[in-house]
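Shown next, in structure tokens, is the structure this report addresses.
Residues: numbered from 1 along the sequence shown.
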Amino acid sequence: MRRVPPDMFRFTTGDRADLYGAILHAFGAANERLETALGLDEVRGRLRTVGWLNAIADDDLHDALKKLKSWGLLDVIQNHAENYRTAEEYERRNLQYSLTRRGEAAFAGVQHALSVLATTGALQTAVLEAITDRLDELYVLTGDPASSDRRIFSTLQELEGHLEALLDNTKAFNGELQRLLRAEGADLTVFREVKAATVAYLREFLVNLDQRGHGVAAAVARVEERGVSVLHERALRGAELPPVAGEDPGAAWLERRRARWAGLQAWFLPPDGGRPRVDQLHDVARRAIVSLLQVLDRINESRRRSSSAVQDFRELARWFAAAPGDEDLHRLWTVAFGLGSARHAHLAHPDPELVTSSQVWAEAPPVEVSALLRTSGRTERFARTGKVRDVAAIKAARAERARQERAQLQEAWRALRTEGPLRLSDFGELDDGAFDRLLDLLGRALSTRPDGSGVRRATTGDGRVEIALSPAADGRTAVLRTPKGVLRGPDFIVHIETGAGAGLAATWAGRKEVAG
């Protein structure tokens, strides 16, 4: 990890930190207007535009600029192109100040830190949909040799921007979520409302998260089939990087693109077959919901009780502090905890007649204490062991039902699988199972937006079956016959692929049957 220059952020501390920060802000605002060099009067004018309204003498402003220059944040040059009429004019207009690379980095770092402090993060499923759309667009562009390299570059930049927004928002929201789980608000009403709203927010985010994650993974796999290296090479040509003396900027640019793509794979489709990070996000959200609900239960329970053990002990501590003497302290201890006799904690000796109740507990023989008494406040109770339920018949019935469902599912996919694009009307007559599966695929496809070629793509919830749907040019009507009736609608061009996912489905169903 590269070290930060030691004086890079010195301007943020000290008595004149506000002035230093305002000066760098003034230069940053000037850079946005493509003004790279400012004189003394121009710096003073820019300070007013960024909110510095205090009066400042020329000597103090010179000293501040000189200090920033000594830290390597500003550079100073002499303006030899001007004509100066007086020595005072030469003094004021000759020196021109501009930000150095270190100064630009320092100002950008402070701005980023302030934005991180102000943001709370969010879990946005719309970002997942945007990532899928950009990947689908890249898939279409890389498959067309006539597509523009600049278009590929801009689409790749949008994809990386959406991925970076997903990572930043997720990390910020997770940090806020963990702090919320540890927080103890003074106002229980507001505290309860915030946590209840967070639970509702997380539940809404988890709806169809698996489906969206599988959709992004499928889109990544399609782009990788076309070749990620080809995609990056075309994007590099479309980037039109400026020349740099002594080095090739393209190598570093490609290395950054490969690192970003590796991050995309780690989140949705790890090349080593490991668990995607989007699934970990799913687990974090579910655990947070459980933890928040438990905290809400404790808050509700504390609001129902008139007092709690913590409040009782605090009140007892105040009584001890206010006791006038040692004898009063002993009496208060005896009344509060009842440890004066040998019958404390409601426990009895094996033969209570041998030990009188007036005997001091320190002189009485020990009593066996149950370990459960300390953890739960009650002792063991021994009773008859419950009968073990025989679930063999239930397991057999479940296994038989699983086999039937698997057979019906395989038969439905066999009937719907197409070797290539065909018309919807070519299916002709279908049974109820295949017809229901086909309607589900059509509904998923019609609910998505078409890509650049007009094709709508969708996958099943487990990501194992994909449908590609495109409108027919002749506008014919398709007629599908089922035992329950006849369906008429537009005659789309349909292509259904199952691939290796069918074997995975059978394996999963077999494991489910064994688990019973």
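- A cation-pi contact links Arg257 to Trp253, judged by a cut-off of 6.0 Å to the six-membered ring centre and 45° from its axis.
- Taking the side chain as every heavy atom from C-beta outward, Leu442 and Leu424 approach each other to under 4.5 Å.
- A 6.0 Å sphere centred on CZ of Arg151 holds no more than 12 heavy atoms belonging to other residues, nucleotides or ligands.
- Remark: the backbone N or O of Thr448 is paired with a side-chain donor or acceptor of Arg456 at under 3.5 angstrom.
- Distance check, rounded to the nearest 0.5 Å: CG of Leu231 to CG of Leu236 gives 11.0 Å.
- If you take CG on Asp491 and CZ on Arg476, they are separated by 5.5 Å, rounding to the nearest 0.5 Å.
- Seen from the ring of Tyr139, Arg226 counts as a face-on cation partner, given the 6.0 Å and 45° thresholds.
- Val127 has its side chain within reach of Ile131: a pair of non-hydrogen atoms, C-beta onward, lies under 4.5 Å apart.
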Between Arg423 and Ile493, is the side chain to side chain contact (heavy atoms under 4.5 Å, CB included) condition met? List the steps.
CA-CA 5 Å; Arg423 288 182 173 271; Ile493 304 299; 3.8 Å; yes
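- With a 4.5 Å cut-off on side-chain heavy atoms, Trp261 and His232 count as touching.
- Ionic pairing of Asp136 and Arg457 is not present here: no N-O contact between side-chain nitrogen and carboxylate oxygen is shorter than 4.0 angstrom.
- Taking every heavy atom of both residues into account, Ser147 and Arg234 meet most closely at O-NH2, 2.8 Å.
- In terms of heavy atoms, Pro471 sits closest to Gly454 at CD-O, 3.8 Å.
- Contact record, Leu138 with Ile152: CD2-O, 3.9 Å, taken as the closest heavy-atom pair.
- The side-chain heavy atoms of Leu254 and Glu233, taken from C-beta on, include a pair separated by under 4.5 Å.
- Using a distance-only test at 3.5 Å, with no hydrogens or angles considered, a donor-acceptor pair links the side chain of Thr100 to the main chain of Gly72.
- Looking at heavy atoms from C-beta onward, Phe492 lies out of side-chain contact with Ile467 at the 4.5 angstrom threshold.
- Leu269 and Glu224 get closest at one heavy-atom pair: CD2-OE1, 4.2 Å.
- Of the charged side-chain nitrogens involved, none lies within less than 4.0 Å of a carboxylate oxygen, so that Glu160 and Arg256 do not count as a salt-bridged pair.
- Enclosure of atom CZ in Arg488 is not indicated, since only 12 or fewer non-hydrogen atoms of other residues, nucleotides or ligands lie within 6.0 angstrom.
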Val216 vs Val278, side chain to side chain contact (heavy atoms under 4.5 Å, CB included): CA-CA, chis, key distance, verdict:
CA-CA 10 Å; Val216 176; Val278 68; over 6 Å; no
Which is it for Leu73 and Phe107 under the side chain to side chain contact (heavy atoms under 4.5 Å, CB included) test, yes or no, and what are the steps along the way?
CA-CA 9 Å; Leu73 305 180; Phe107 178 67; over 6 Å; no
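- Within a 6.0 Å radius of CZ in Arg150, no more than 12 heavy atoms belonging to other residues, nucleotides or ligands are found.
- Contact of the Leu156 side chain with the Leu159 side chain is registered, since non-hydrogen atoms from C-beta on lie closer than 4.5 Å.
- Between Leu128 and Phe268, the closest side-chain pair of non-hydrogen atoms falls below 4.5 Å.
- With rounding to the nearest 0.5 Å, the separation of OG in Ser98 from CG in Leu38 is 8.5 Å.
- The backbone N or O of Glu137 sits nowhere less than 3.5 Å from a side-chain atom of Asp451 that would complete a donor-acceptor pair.
- Put simply, the side chain of Ile23 does not reach to within 4.5 Å of the side chain of Tyr97, judged on heavy atoms.
- Across every non-hydrogen atom of Val494 and Leu469, the tightest pair is CG2-CD1, 3.6 Å.
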Please report the C-alpha distance between Val43 and Phe27 in whole Å, then the side-chain angles of each, then the deciding distance to 0.1 Å, and finally whether the side chain to side chain contact (heavy atoms under 4.5 Å, CB included) criterion is met.
CA-CA 8 Å; Val43 172; Phe27 278 96; 3.9 Å; yes
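- Rounding to the nearest 0.5 angstrom, the gap separating the CD atom in Glu466 from the CZ atom in Arg444 is 12.5 Å.
- Arg222 and Glu225 are not joined by a salt bridge, as no carboxylate oxygen comes within less than 4.0 angstrom of a charged side-chain nitrogen.
- Across all non-hydrogen atoms, the minimal contact from Gly28 to Leu99 is N-CD1, 4.1 Å.
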